[in-house]
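What follows is one structure encoded as structure tokens, with my remarks underneath.
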Amino acid sequence: MSFPHSSGDFVRALKAPANPPTPGGPTKIVIARRVWDDSSFHVPSKSEVIVDWILNKIFKEKHNEPPQNPLLNPQYWTLLYDILSSADVSTPGITTRSLKIWLPTLLNRIAMTPILTRFLNLLDKLELDIQNQLSGIFSSCFRIMWPLAVRKISTEALLECFGALLNSWSLCERNVGIGLVGEMVVSSYRSSLWYSSNKKKIYLHFLQTHLYLWLTHSTVVAQSNSHQLLLEVLYEAGIDTILNVDIIRQTRDSKSENTLLFETIAIALSSNPMILATLPRIFASYIQVVKQHRSSLYGHGSNQSPGVVTDEANACGMRFFVACDDLLDHIGSNTTTWSTRVQLLSLLDQENIFSRGQPDVPIMNRIVELAINALEEAPSGRARNIEFHTYAIESLSALVRIDYNIVLPALPRILSAILMHESGPAYQTFLDSLLAYHSKTRTINAYITNLFSAFSSEREFAALGSAPVVYQRCHSGPLLDVHLNFLSKAIRGFLSDAQAHSMVNLVATSLGRALEQLQITKEVSDDKNELQKKRQPTGDSSSASQLDYLAVSASLSIRLSTIIISSLPLGSAPDHIRQEILQILSNIRNMLLPRALTRTLKRIRRAEEATTWRFQVTATALLRFRYVLVTSRDLPLEPSDDLKLLSTTQTMIGLDKLVPELRVEIFRILLGSSDSRDLTETRVVVGHIITYLAENMQALDVYGLGNPHQSSFSMEGSFPVLLHTMVERWLPILESIATPVQLKSFFQHITHFRSQESQTVKASETKSTSLFAQVYRSAQFWEHRNIRSALLAHISDTTLALDNINDMSKLLSALPVYRMLLHFPMEYIPRSYRTELIRRTMAADLFITRSWEASDYALTDTLKNLTILRLFLNRIFLHSGFTEQSVQSICELSRCIILGDSAHKEYDIEMSSATKNLNKSLFSELLYRTTVSNLDTVSTVVAFLETIQDTLSKGNDFQSSYITQIIRVLDEKFTLASFPQEIRVFLHGFHGRFSSFTLPKIHKLTNAEISIESLDQQSIVLEMWHALLIFGHWLGLSENPFPNLEKVFLAAIIKKSTTQCPSSEMWDTLLITVLAILLEEIHFVNEVDCFPHLRLIIGSYLAFSGIVTHGRKRLDNNLLKACQALSPPQFSHILHLVREGLNTLSTSEDRLAHLIELSNLLLHNYPQGALKYTQVYAASCLSTFIRQNCFTEGSVWLRVQVLEFVAQRCSDRPMTLKPGDVNNIWTLLTRFLAGSRVHDNETTYCIFHKIVTIIGALVRFRRDLVILTLPHLGVILRQLFMSVRSVRPLLGSQQTTLVTDTLPKWVHSRSPLGAEEGRVLARLLVTLATKSIVRNSITVSEAPKAESLAKSFSKHASYVLKAYIEVMNDPLCILRSDLRKELQQGLYALCSMVSDHSRDAMMLSALDSGGRVTMKILWKEYEKQKYIGKG
């Protein structure tokens, strides 16, 4: 018997011991499949019999080898799915029991968990194709059976399934079906665990068996959203197992405090250190569980004092943190442990669980000590040290936020340790935290004392390198880089008067001690024998080295003193304190500093170069300190006689052994005292400065001030400061003292530098923010007559060689001037100079263009030079015009440019832009002159145009771009009637030549395949096509020279865009040009073909709008420009086409968004006479938005576009609104603000803003329509108040759902609306009481009167206030304090509308006790701020 003939035979065949039951016959699974597929073969409870057999066979034979294992046979699972999926489907004539009746009984006898565990273990060993086939059908069966089987499965069995999922994690990553199975299993395990009474056993088993895998998978980065969801579920399941309330209570009662957990984690870390990254996440989950259940964990006893529960919860969190930190110490110090420690400390700060009364303070002190030890490592440039330092300083920043007193005792050591580190954001954050604390506590003086202490650690400098190296690192380190600027602001704002006095005393003491240690206070002898004795080596090199380190310490302290003195808040100090401070500073300035500086400078001048470094560093710091005392406006010190010091300083300027920063300070002190010194001496100083600038010009980075302490032996740091000081501070001295020769030399050096500062020139260089650009645009600079004359004379002299240019060397010598001229305001160049510059620049351009081939000059340099010249020419032509240029010279320059460009196509983007802009100006001038000049001018221009026309015969596509440029100039600035007859005749002939030249190329383009490689060539041909159409329309021609060619090419373009869309700027330009061609062909289409052509245009625009990213504005502008030239019927047809697309149900959401975006453009710029069509169209759009749910529930972009459409209509065209439109708008907004069970992944804040914009526009402009629908307005305002709520933290899932279901779809609970939205809503409420004039189309004889809605809305304002009170008193919600603060003004506006009767009625009947309390508080605040008209 090969096939059973009765139900008994079928059952016996399935129960037969052999498979197949009959030798040589079909197998049992084949028999079962045939019986199931044969609906005429009757078997009682057929589905139950077959399912029972399949599940028993799978269960009993699950351990067989894969070829004989039914668990891996797709035939079994396919048949099982077919039966299960059709069990509840009714079949005529057949009565079957429901799946929920018979399947649970069967699943209670056959365990599902061993089947699932074995399946996951075996599946990973199969090939990928078989895996995908099996997993899909298995997951389908599993999703049907699991909900019915899980009710009888124990928690322990579910834990084993959970462990199997962890072991088979790679399957979950690769296969979506297995991932869905995993989500169901984990969800069931969590639910079962929640009701389990034996959580301790499950906890211990999980730690012993599954913790390692769970920790490993908790560090995995998700590859997709579904993957991320599964990872979250796995993590939450593990947290529920090891950190549930029962486990925490048991570990607390047994005093074990998670010891077993951390011992197991330590063992896991020994195998995989990367799982350490999970520790902060576990800590955060632990804190959340403890806080959420603190009442059940610690709230026993009725006589507990307030706050005990919170303190116990915080103490428990701290013990967990201590255990985590002990685990980090056990692992050792590396970047992973430090990164984890920083995250743990940040969580400690965020959760605010640390307090000084806890017994865990020593652990915090130990972390401080570890961080200091890490910071005190040698600050080398190795990446590992830098990373260690960053993590260490970040941990200290977290400790400062937790409790500043933890860090305070070690602050001097910390500041000393970071003194020479490389500055970075982490250091600035730490130092800003220190300053913020001391500013709040008004202890800036204590912080300054710690800084002085850190700067005095000269003994530690010796271990860190030579004194110059230490000096450089200290001055470029975090303490002196930017931090001193913030310290200065803090001193000005938060230093008290008494503290200022003590700080000045500290500065005086520190300064005296530093000078005494450096032996500067000793008098320098003039006796030569004595000097020789002092120069003799003493044999003590360590003493000299120690003095160098003392000089470093002294320079740091003096620089800090300079900041302190310059920032003292003396303006508000009492007179006696102010006088005492000024007296101390006067003594320093008049007595201490002159003597110290004189002696130091003498030692520098007389000592050997190797021994002067310490004195030069000290003298630099002292000179800066003196400069502050002399120039500070807040320190009105009496002038002193410093002639001896100035005389000594004057003798120093010629020394070669001075470090650059000291030389800068000497120049500055001498220039600052120029008023009291001889004119000759000051000119000598200016001469030395100019010489110094000339010698070191190449080192300047003109785009940054530079660091003056970058190196004491190099000038890169100090030279920028000198030049900036000269051009920003001492220009008046140059004006009044410098000789013409010196000024000329000064500008020569600057010009030379400008030629070297950059290797590229951009068209935007005229907007440079460099120092020179700022100076040249300064009116003060040009008011200096001598400087202006010297600069202009230098420009004229430098460009004089261009009058008779015959070689490239003359040109190269003059080019730096043009780079400088790019920054000049043209208004300050006299007319005579402008004429010379134009003539010489044109000559230079012609010379370069003509001698390009013969020149051996580099191509890039040639392009750069031409770009500079053409940028300048275009600038000066746009400013001054062509009044002094003959037609012949303009034609010659333009002809040379065009011919030169045709021979050389290697232009970069900047060069091409500069050339096109210049040629556009030249073309415009030439064409303009033909309209106002004589026949000679016309003939000259015609000859020039013929020259360009002749180039068409050469077939040069590159040169044809200039022809298209001429055509665009004609279309933009001229009409055909404005030209004389000769020009008209020529232009008609020119059109024919250009058409003959272009037509073959267009045919070739439309017949060829579009390739990405030839996009540039195709774009040129399309530009020619478009220009030819523009030219024909401009000439008044009515025949299209290329009928229907664009349709063939358009089909190829759209096909290419949808299949292989190359996202590039070149491709976007090509699409924009294609649409422009279609738009231009409207002028050549007859009435019969007009509407189909418009349909083609709209379809092309919609297709391109989803592709174009780089030139979307150009695409829209082209369409709008063409639409404004349409007739009203044509424009109406376009609106009809768009309306058809909006009403089509099959249109995708992206296409709908593009259609609405197009609607906005069309309604904003419509042709004259089409207003009535736009009104009908806008009203139909509003009806469509209400009729189809996709416009209020679709994608975020679609919803935003809908609101943008409504907002634009209400704001830009309010007079076109009708009562029906307003009703539709209220309905639409109500749907947007309605509650939803489904929410977006993140909050879309712009939706709220657009809704408020719409309501505000209606209230301000169409009060006459709003007043008819005030109840609708009140309802929407109530909905707005409901949407600004936030879910109260630590709610359960059901409670959270109760709140989120009342929030709009576009609001996500994780990112609620904030203070900005509260400010916008308050502004809307204030608008209700603001008077405005109605904008409607009704003509009235009287002038319109400004009114508000306050009186009309007064009956509805109380209900809006009630919504606010309900939000405030909702136990499941909160209204953040910043948002409440922003809402105040709006609430006060509502209160002003509510009458006393309405208020009392609301208090009595509409509010509960809590609401009445809130209302009383609000009304009291309103009464307090209300102006009552008295006083």
Side-chain angles (χ1 to χ4, degrees), residues 419 451-452 454-459 461-462 466-476 480 484 507-524 534 543-565 588-589 591-630 642 644-646 648-649 651-653 655 657-669 708-713 717-718 721:
L419 183 59
L451 285 176
F452 272 115
F455 292 162
S456 301
S457 54
E458 65 276 355
R459 295 181 180 178
F461 291 160
S466 63
V469 172
V470 172
Y471 178 80
Q472 174 187 344
R473 289 180 176 174
C474 288
H475 281 87
S476 60
L480 277 76
L484 289 185
V507 167
T509 304
S510 174
L511 185 60
R513 183 173 60 251
L515 296 178
E516 183 178 356
Q517 289 176 344
L518 288 170
Q519 302 176 5
I520 292 177
T521 54
K522 295 182 180 180
E523 185 67 39
V524 181
K534 291 185 177 182
S543 176
S545 177
Q546 184 64 25
L547 287 176
D548 288 344
Y549 292 119
L550 284 173
V552 174
S553 177
S555 68
L556 299 177
S557 299
I558 295 172
R559 188 174 182 196
L560 177 59
S561 301
T562 304
I563 296 296
I564 296 171
I565 295 303
I588 295 175
R589 175 191 168 182
M591 299 176 62
L592 181 61
L593 284 180
R595 289 200 302 268
L597 279 170
T598 302
R599 295 170 184 174
T600 305
L601 294 176
K602 286 183 177 180
R603 292 192 179 191
I604 295 172
R605 189 174 67 249
R606 297 175 181 177
E608 297 178 0
E609 184 174 355
T611 61
T612 62
W613 184 85
R614 73 180 78 101
F615 299 116
Q616 295 194 51
V617 167
T618 307
T620 302
L622 290 174
L623 286 172
R624 289 198 188 102
F625 188 74
R626 179 191 178 278
Y627 183 79
V628 169
L629 291 178
V630 172
D642 293 338
K644 184 177 180 181
L645 173 61
L646 295 175
T648 305
T649 308
T651 62
M652 301 288 294
I653 59 176
L655 296 180
K657 59 183 178 182
L658 297 183
V659 295
E661 55 182 346
L662 176 58
R663 190 180 299 276
V664 171
E665 294 303 323
I666 290 175
F667 288 149
R668 187 159 65 168
I669 190 176
H709 303 284
Q710 185 177 355
S711 174
S712 296
F713 300 107
S718 299
V721 176

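By convention here, the first residue in the shown sequence is residue 1.
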Output yes when a side-chain donor or acceptor of T598 lies under 3.5 Å from a complementary backbone atom of R595, and no otherwise.
no
Atom CD in E516, atom CG in L550: separation rounded to 0.5 Å?
11.5 Å
Is the shortest heavy-atom distance from the side chain of L556 to the side chain of L451 under 4.5 Å?
no
Here the gap from S553 atom OG to D548 atom CG, rounded to the nearest 0.5 Å, amounts to 12.5 Å
Salt bridge present between R668 and E665 (N-O < 4.0 angstrom)
yes
Between L655 and R663, the two heavy atoms sitting closest are O-NH2, 2.7 Å
About how many Å separate OG1 of T562 and CG of L623, when rounded to the nearest 0.5 Å?
10.5 Å
From CA spacing to verdict: side-chain contact (heavy atoms from CB on, under 4.5 Å), R624, T620
CA-CA 6 Å; R624 289 198 188 102; T620 302; 3.4 Å; yes
Heavy atoms only: give me the nearest F667-I653 pair and the separation to one decimal.
CE2-CG2, 4.2 Å
side-chain contact (heavy atoms from CB on, under 4.5 Å) evaluation trace for L601 with L645:
CA-CA 9 Å; L601 294 176; L645 173 61; 4.1 Å; yes
I'd like to check V552 versus V617 (side-chain heavy atoms, cut-off strictly below 4.5 Å). Are they in contact?
no
One should read off an interatomic distance between H475 NE2 and L484 CG, to the nearest 0.5 angstrom, of 9.5 Å
Sole residue of L419, L480, V469 in side chain to side chain contact (heavy atoms under 4.5 Å, CB included) with C474
L419
May I have the step-by-step check of side-chain contact (heavy atoms from CB on, under 4.5 Å) for L593 and L629, ending in yes or no?
CA-CA 10 Å; L593 284 180; L629 291 178; 3.6 Å; yes
Residues F452 and S557: closest non-hydrogen pair is CE2-O, 3.7 Å
What is the distance from atom CG of L547 to atom CZ of F615, rounded to the nearest 0.5 Å?
7.0 Å
Taking the side chain from S555 and the backbone from T618, do they hold a donor-acceptor pair closer than 3.5 Å?
no
Ignoring hydrogens, what is the shortest heavy-atom contact between L662 and A619? Give both atom names and the distance.
CD1-CB, 4.0 Å
So CD1 of I666 and CD1 of I604: to nearest 0.5 Å the spacing works out to 7.0 Å
